[in-house]
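One structure is given below, encoded as structure tokens.
These values consider heavy atoms only, across backbone and side chains, with no hydrogens, waters or symmetry-generated copies. Keep in mind the model is a prediction, meaning the values are calculated, not measured.
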Amino acid sequence: MKIDGKGRVMSFSEKPKGDDLKAMAVDTTVLGLEREEAEKKPYIASMGVWRFPTANDFGPEIIPASAKEFLIKAYLFNDYWEDIGTIRSFFEANLALTAHPRDLVSMKPMYTSRRNLPPTTIDNIKDTVMLGADDYEPNAEIVAMLAEGRVPIGIGENTRIKDCIIDKNARIGKNFVIANSEECFFK
């Protein structure tokens, strides 16, 4: 994030590299770092729990939209934080916390943001293991994919599945039958 001399967030660039990264350097003494530490840490990363009704993706949607509408100021958080953007990283972060349970006592309060997604309709799925997805595709993204003839993550309507294991991040279109046998579906 790029901030001004008062700590106000002015712009955001997701995972910049090279000259683009160098352009994002700021004076982090504004946030309370001592000069020596600020010289070692001239970049501000984004993290946190956000509620923004029309956006889901933190970097390209929430920060830029919020910065246009609201006064947003950077805050120095100099404590434990872990990126849990995938199921694997969430799992590993939870295991890492069990390695030193006494350290949890000093980490108060802990914040998280759970995402409550609607359940999948499973009328046409029988004796099947479905492993879910690592990513969430917003409705606008799904509509755009369908318009281009692409398939979003998930299982399309009128698709019937029996006796299968469906891997994570599967993209199965509409009106398919996937089965491991010649048996008739759902007698």
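- For I165, the CD1 atom counts as loosely surrounded, since its 6.0 Å shell holds 12 or fewer non-hydrogen atoms of other residues, nucleotides or ligands.
- Counting heavy atoms of neighbouring residues, nucleotides and ligands inside a 6.0 Å radius, atom CD of E148 exceeds 12 of them.
- By the 4.5 Å heavy-atom criterion applied to side chains, T29 and R35 are counted as neighbours.
- To the nearest 0.5 Å, atoms NZ (K174) and CD (E157) are separated by 4.5 Å.
- No path of Ile, Leu, Val, Met, Phe, Trp and Tyr side chains, each step under 4.5 Å between heavy atoms, connects M24 with F12, placing them in separate hydrophobic clusters.
- The minimum heavy-atom distance linking I142 with E137 is given by the pair CD1-O, 3.4 Å.
- Cluster annotation: I3 is connected to L33 through the hydrophobic network of ILVMFWY side chains, with a link wherever side-chain heavy atoms come within less than 4.5 Å.
- In terms of modelled atom types and a separation under 3.5 Å, the side chain of K73 and the main chain of K6 share a donor-acceptor contact.
- Closest approach of D134 and K168 over heavy atoms only: OD2-NZ, 3.0 Å.
- Under the 4.5 Å side-chain heavy-atom criterion for ILVMFWY residues, no single connected hydrophobic cluster contains both L21 and M1.
- Using a 4.5 Å cut-off on side-chain heavy atoms (C-beta onward), L146 and P152 make contact.
- The pair R150-E141 fails the salt-bridge criterion, with no side-chain N (NZ, NE, NH1 or NH2) lying under 4.0 Å from an Asp/Glu carboxylate O.
- Scanning all heavy atoms of the two residues, the minimum distance from G7 to V30 falls at N-CG1, 3.4 Å.
- The nearest pair of heavy atoms linking I72 to A67 is CD1-N, 3.4 Å.
- Checking side-chain atoms of K2 against main-chain N and O of S13 turns up no donor-acceptor pair under 3.5 Å.
- Contact check on D20 versus K15 returns no salt bridge, with no Lys/Arg side-chain nitrogen under 4.0 Å from an Asp/Glu carboxylate oxygen.
- Residues L31 and I44 form a side-chain contact, since some pair of their non-hydrogen atoms from C-beta on lies under 4.5 Å apart.
- The structure places NZ of K22 at 7.5 Å from OH of Y43, a figure rounded to the nearest 0.5 Å.
- Following chains of ILVMFWY side-chain contacts shorter than 4.5 Å, one can reach V9 starting from F70, so the two form part of one hydrophobic cluster.
- Summarising the geometry, atom OG1 belonging to T28 is positioned 8.5 Å from atom NZ belonging to K41; distances are rounded to the nearest 0.5 Å.
- In this structure, G32 and L76 approach most closely via the heavy-atom pair C-CD2, 4.4 Å.
- Contact annotation: the side chain of N169 never approaches that of L131 to less than 4.5 Å [non-hydrogen atoms, C-beta and beyond].
- Side-chain contact between T128 and D163 is absent, with no heavy atoms from C-beta onward closer than 4.5 Å.
- M145 and V151 fall into different hydrophobic clusters, where Ile, Leu, Val, Met, Phe, Trp and Tyr side chains are chained together by heavy-atom contacts under 4.5 Å.
- Among all heavy-atom pairs drawn from M130 and I155, the shortest one is CE-CD1, 3.3 Å.
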